[in-house]
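Notes for the one structure printed next.
Whatever order the structure lists them in is the order used to number ligands and atoms, beginning at 1.
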Amino acid sequence: MTDTLFPLNTGAKIPALGLGTWQSEPGQVKKAVSHALSVGYKHIDCAYVYGNEDEVGAGLAEGFQSGIKREDLFVTTKLWCTYHSRVEENLDLSLKSLGLDYVDLYLMHWPVPMNPKGNHPNLPKHPDGSRDLDTSWSYIKTWKEMEKLAKTGKVKAIGVANFSVKYLEELLHDATVIPAVNQIENHPYLPQQDIVDFCRSKGIHITAYSPLGSTGSPLMKEEAIQEIAKRHSVSAGAVLLSYHVARGNSVLAKSVTPSRIEENRNIIELESSDLKALEKILKDKGVTRFVHPAFGVNLGFPDKQ
Ligand SMILES: NC(=O)c1ccc[n+]([C@@H]2O[C@H](COP(=O)([O-])OP(=O)(O)OC[C@H]3O[C@@H](n4cnc5c(N)ncnc54)[C@H](OP(=O)(O)O)[C@@H]3O)[C@@H](O)[C@H]2O)c1
Ligand SMILES: O=C(O)[C@@H](O)[C@H](O)[C@H](O)[C@@H](O)CO
């Protein structure tokens, strides 16, 4: 099941399992990417704001030198918030760092334009420490700019990340191009079924992030998940990643540890009783969202009202 591919509304296919690179430290990420490619990963998730695309690019280059073809890989990167009014400029910076002339998917990282002329290139803040947003620009205008990228040949598909149903409805009202993907936090503590169902109804593919609960993989310690893992003689990580493939969604697992990069490829077929047990976790433990930057904006997520 590791080599499962999911169809996108562009006609292309996205590999079910991707390597995440957020917080993959310089000095580690090149090796992580190169190792992932050498053990069969076909999908790499990047972002301009991760500040490590040069090294990711070096890891990709090692893969190409070893004979891996560009067209066999699916590479995603993301437009950062301070570049909403400079879309192609930000894409070009990422392509240069990655050493690529196109990406398979370009995502709007967050639907929140930030001040491009603020006191920091990526995270401008006001004197009170709150984030300095660009209220003169809207994420809808950003999307219209992203729609223009298709004709440059630099992107194979465009999409969004961290979009709630409310924001998607607003975007679809003015969109000409339907996003190919919505990349959202997703795991048994935050299944976001409302967004998953809405996207499915609009032909938008879901990619799950922070499937292990992000830094330190706290979800691996969840008793119910360990029980399922024991039943199948696999790791808790395999259960947490297989959960998304069973739901028809692709999933991103970040690691810079070679043994874990290999272990995370072990996607298994979960039984309906396993999925029921995973769904029960939410009822028992309630919602937990691990990634919620302090933009100071209501992003429309029911658990953050
Ligand atoms: N669009 C967005 O806004 C957004 C937000 C968050 C994440 N993402 C994407 O999604 C990716 C994944 O999410 P994430 O990085 O937040 O967290 P994650 O993949 O849920 O968890 C990463 C953590 O789990 C550890 N880990 C990985 N495999 C493991 C294993 N088999 N056993 C035990 N621990 C393991 C990693 O440690 P080591 O690295 O030390 O092995 C790291 O501490 C990101 O890297 C990024 O590409 C996107
Ligand atoms: O503080 C932030 O806005 C960033 O660190 C984001 O949380 C981060 O980029 C995640 O969205 C990971 O993709």
Side-chain angles (χ1 to χ4, degrees), residues 17-25 27-29 31-33 35-36 39 41 43-53 56 74-82 105-114 120 122-125 129-133 159-164 179 181-190 192 206-222 225-226 229 234-244 249-267 288-297 299 301:
L17 176 70
L19 178 77
T21 61
W22 181 36
Q23 301 178 124
S24 294
E25 300 302 328
Q28 295 182 313
V29 66
K31 217 175 79 205
V33 169
H35 185 70
V39 297
Y41 279 68
H43 177 178
I44 309 289
D45 183 74
C46 320
Y48 173 79
V49 80
Y50 297 167
N52 59 10
E53 288 188 312
V56 171
F74 190 100
V75 179
T76 301
T77 194
K78 311 182 190 89
L79 170 79
W80 185 241
C81 302
T82 47
L105 181 63
Y106 196 52
L107 301 177
M108 187 191 310
H109 204 145
W110 291 86
V112 186
M114 292 174 81
H120 186 278
N122 294 341
L123 283 177
K125 298 235 172 101
S130 62
R131 290 189 178 197
D132 181 2
L133 308 185
V160 295
N162 301 299
F163 268 59
S164 61
V181 167
N182 185 14
Q183 187 185 108
I184 55 173
E185 181 174 343
N186 217 265
H187 42 72
Y189 285 158
L190 191 72
Q192 306 213 76
I206 291 281
T207 296
Y209 75 63
S210 300
L212 309 175
S214 203
T215 309
S217 59
L219 292 187
M220 306 272 290
K221 303 180 189 67
E222 172 65 44
I225 291 166
Q226 291 189 342
V234 296
S235 71
V239 172
L240 285 163
L241 300 177
S242 303
Y243 164 71
H244 299 286
N249 303 335
S250 51
V251 58
L252 308 170
K254 174 263 176 185
S255 182
V256 291
T257 312
S259 60
R260 289 171 169 180
I261 291 171
E262 290 169 39
E263 185 189 307
N264 293 342
R265 287 197 83 237
N266 184 18
I267 304 290
T288 301
R289 182 181 292 271
F290 294 98
V291 181
H292 194 69
F295 285 110
V297 175
L299 292 171
F301 297 119

Interatomic spacing from [atom1] in [X] to [atom2] in [Y] - rounded to 0.5 Å:
X	Y	atom1	atom2	value
T207	L17	OG1	CG	11.0 Å
K31	T257	NZ	OG1	9.0 Å
K125	H120	NZ	NE2	8.5 Å
H35	S255	NE2	OG	9.0 Å

### Query
Considering all heavy atoms of both residues, which atom of V181 and which atom of Q183 are nearest to each other, and what is their separation?
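Here V181 and Q183 meet closest at CG1-N, 3.9 Å.
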### Task
Give the ring-plane orientation class for H292 versus F301, where under 30° counts as parallel, over 60° as perpendicular and anything between as tilted.
perpendicular
### Message
Can you classify the ring geometry of F295 versus W110 as parallel (below 30°), tilted (30 to 60°) or perpendicular (above 60°)?
### Response
tilted
### Amino acids contacting ligand 1, non-hydrogen cut-off under 4.0 Å
G20, T21, W22, D45, Y50, K78, H109, W110, A161, N162, Q183, Y209, S210, P211, L212, G213, S214, T215, G216, S217, M220, L252, A253, K254, S255, V256, T257, R260, E263, N264
### Message
At less than 4.0 angstrom from any atom of ligand 2, which residues have a non-hydrogen atom? List them by chain and residue number.
### Response
W22, V49, Y50, W80, H109, W110, R131, P293, F295
### Query
With distance as the sole criterion, is a donor-acceptor pair present between the side chains of N264 and Y41 under 3.5 Å?
no
### Message
Taking K254 first and then D45, would you say they form a salt bridge - that is, a charged N and a carboxylate O separated by under 4.0 Å?
### Response
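No.
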